[in-house]
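Residue numbers begin at 1 in each chain, while the letters A, B, ... track the order of the sequences.
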Amino acid sequence: MFTLLNRTSAKNIPKLVTKPSLSIPCCTLTTSPSEPLLPITQDAYLVNLILKSDSEALTREILHNPIVGWAPDLVNKVLKLLWNHGPKALQFFKLLDHHPNYAHSSSSFDHAIDIAGRLRDYKTLWTLVARMRSCRLGPNPKTFAIISERYVSAGKPDRAVKVFLSMHIHGCPQDLNSFNTILDVLCKSNRVEKAYNLFKVCKGRFKADSVSYNIIANGWCRIKRTPKALEVLEEMLKKGLNPSLATYNIMLKGYFRAGQIKEAWEFFLQMKKRKCEIDVVTYTTLVHGFGVVGEIKRAQKVFNEMVVEGVLPSVATYNALIQVLCKKDSVENAIVVFEDMVRKGYMPNSITYTVLIRGLCHAGEMERAVELMNRMKDDECEPNVQMYNIIIRYFCDAGEIEKGLNFFEKMGSENCLPNLDTYNILISAMFLRKKSDDLLVAGKLLIEMVDRGFLPRKFTFNRVLDGLLLTGNQDFAKEILSLQSRCGGLPRQIKL
DNA sequence: ATAGGGTTAG
């Protein structure tokens with residue numbers, strides 16, 4: 001297992017970390033007198049407008065409102081905010097495509113294609129690709145990366161491979177980069193066998209490089225098949241391609257994933273012994289790896305020792321430690337680490353908050369979880385769908401259905417659109433109290449989710465239908481039944 | 001959006 005380590009690793013190139021600017025251009029438009037007169041960002045204003053307008057009003061606002069100066073950046077922001085409202089997003093995109101003075105940019109096309117793919121609306125997807133081409137804006141390698149990913153996550157990896165092999169027909173020739181991308185897309189969805197087959201067939205044609213090999217090795221590691229990963233890397237060495245620190249970190253993580261804790265530690269010791277440049281990723285892998293198997297003391301020991309070795313922890317390292325403390329130790333100790341990181345000047349990110357909020361909820365500390373959620377806004381961090389889903393789920397589980405519903409309403413007013421999970425969580429909760437009014441709410445939620453492009457499972461439909469029939473809501477049940485038959489032909493929507 | 005570390009609860 002250590003032959004890999006006999007080679008010198010490539011120089012580790014420091015990564016330039018740039019922080020994206022968080023300032024958002026403000027719009028002086030005010031919505032209506034009943035709403036707060038605070039300056040509202042233009043993208044948020046438009047999203048609200050799009051969500052509440054019928055198609056006639058929308059045409060008027062999008063095409064003929066002279067106050068809105070359309071620009072690619074603004075369009076992309078709107079599309080992003082409408083991420084969990086696919087049909088409306090596509091309606092908006094198509095409408096704006098007919099604007100007299102505005103033409104879509106290539107990145108907006110990519111966004112729209114992504115959304116169509118998520119809705120599994122492949123007809124629209126390929127229409128957009130054709131339209132993009134006729135505007136001479138692509139499609140580009142990124143477009144195909146998006147399309148492949150959508151096919152793979154819809155359970156159609158063969159279609160993804162086919163799309164890759166026919167890229168050139170759409171005016172975008174394949175190269176090593178796009179080859180590596182499709183391999184990675186397949187591996188990240190655990191279709192490693194498929195990736196490996198494609199790799200074997202095409203590695204000569206595209207001159208597979210060490211990145212290709214790393215992607216495949218990581219794929220085998222993801223599905224806990226470390227021997228296959230080692231085999232692939234041996235082949236890489238035979239080809240004269242050098243492993244890099246990324247290669248070693250992939251294997252290290254692979255051992256942890258496969259539960260080979262002893263091997264992981266041995267591998268790390270060998271890395272050290274053979275003068276590999278060990279970096280923050282290596283240490284984060286160790287902290288997380290030891291933590292998830294409950295070896296908290298060792299995780300903390302590694303965390304403390306890395307500084308001695310001259311490697312500073314990153315936010316990700318802190319997140320790893322905080323997470324494992326929440327899971328295997330106590331949320332109180334996790335908070336201690338969180339406060340320590342803040343004191344040292346680290347800026348917690350949304351993962352830090354998600355992990356801590358879940359930890360607090362799990363410990364039954366709902367008030368503190370909510371408090372933290374309010375406090376994170378001071379750190380230029382907005383609560384996201386996942387956090388709302390956690391809070392809503394735990395409140396519902398604790399029997400506080402009203403509080404769950406309150407948070408659901410709150411997210412609507414904060415430009416955080418519910419996703420499939422949100423609806424499933426809430427609909428399930430509507431059966432807990434055995435109240436007939438709750439079932440009416442469940443029915444309304446079901447209608448709303450379909451409207452937003454999410455397809456409920458058959459189980460969900462049946463449950464709501466049964467509930468409505470049992471509580472004497474025959475008319476509403478009929479409405480739901482016709483909704484279900486209208487959904488029959490629709491493809492199933494998956495979560496993010 | 002070409003590779004390695006940190007959310008995802010049966």
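Among the protein residues, A:S314 comes within range of the nucleic acid bases, having at least one heavy atom under 4.0 Å from a base atom. Base engagement by A:N177 is indicated by at least one non-hydrogen atom pair under 4.0 Å involving a base atom. Base contact: A:I146 has a heavy atom under 4.0 Å from a base atom. Within 4.0 Å of A:I322, counting heavy atoms only, lies no atom of the nucleic acid at all. Using a 4.0 Å heavy-atom criterion, one finds that A:V315 contacts the bases of the nucleic acid, with or without backbone contacts as well. Among the atoms of the strands shown, only primed sugar atoms or phosphate atoms (P, OP1, OP2) are found under 4.0 Å from some heavy atom of A:I215. Across all strands, A:K142 comes closer than 4.0 Å to base atoms (heavy-atom distances). Among the protein residues, A:V185 comes within range of no part of the nucleic acid, since none of its heavy atoms lies under 4.0 Å from any strand.
Closest to the side chain of A:K253, from the set B:dA9, B:dA1, B:dG5, is B:dG5. Closest to the A:R358 side chain, of the nucleotides B:dT2, B:dA1, B:dT8, is B:dT8. The nucleotide whose nearest atom lies closest to any side-chain atom of A:A320 is, among B:dA3, B:dG6, B:dA1, B:dG6. Here the side chain of A:I351 is nearest to one of B:dG5, B:dG6, B:dA3, namely B:dG6. Nearest to the side-chain atoms of A:R393 among the listed nucleotides B:dA3, B:dG5, B:dA9 stands B:dA9. The side chain of A:D184 approaches B:dA3 more closely than any other nucleotide in the set B:dA3, B:dG5, B:dA9. The side chain of A:Q386 sits closest to B:dT8 out of B:dT8, B:dG5, B:dT2. Between B:dA9, B:dA3, B:dG5, one nucleotide has an atom nearer to the side chain of A:R257 than all others, and that is B:dG5.
Salt bridge A:K272/A:E277: absent, no basic N to carboxylate O contact under 4.0 Å.
The distance between atom OH of A:Y394 and atom P of B:dA9, rounded to the nearest whole Å, is 10 Å. One atom, CG of A:L321, and another, C1' of B:dG5, lie 13 Å apart when rounded to the nearest Å. Between A:D175 atom CG and B:dT2 atom P the separation is 9 Å, expressed in whole Å. Atom NZ of A:K328 is separated from atom C1' of B:dA9 by 14 Å (rounded to the nearest Å). Following rounding to the nearest Å, A:Y283 (OH) and B:dG6 (C1') show an atom-to-atom distance of 18 Å. Rounded to whole Å, atom P of B:dG6 lies 18 Å from atom OH of A:Y318. In this structure, A:Y248 atom OH and B:dG5 atom P are separated by 17 Å, rounded to whole Å. The CZ atom of A:F395 sits 17 Å away from the C1' atom of B:dA9 (whole-angstrom rounding).
A:F431 carries A:R463 over the face of its six-membered ring, with the cationic atom under 6.0 Å from the centre and within 45° of the normal.
Residue pairs meeting the salt bridge (charged side-chain N to carboxylate O under 4.0 Å, His left out) criterion with at least one partner in residues 321-335 of chain A, sequence neighbours excluded, are A:E332-A:R368.
Counting heavy-atom neighbours within 6.0 Å of A:R375 CZ, excluding the residue itself, gives a total of 12 or less.
For B:dG5, the OP1/OP2 oxygens have no side-chain nitrogen or oxygen of A:H288 closer than 4.0 Å. OP1 or OP2 of B:dT8 sits under 4.0 Å from a side-chain N or O of A:K327.
Take A:E149 and apply the salt bridge (Lys or Arg N to Asp or Glu O under 4.0 Å) test, not counting sequence neighbours, and it matches no residue.
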Passes side-chain contact (heavy atoms from CB on, under 4.5 Å), A:M376 versus A:M387? Steps please.
CA-CA 11 Å; A:M376 60 184 272; A:M387 290 182 205; 3.6 Å; yes
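Residues A:Y283 and A:F303 place their aromatic rings such that the two centres sit no closer than 6.0 Å.
The base of B:dG6 lies outside donor-acceptor range of the side chain of A:T352, with no N or O pair under 3.5 Å.
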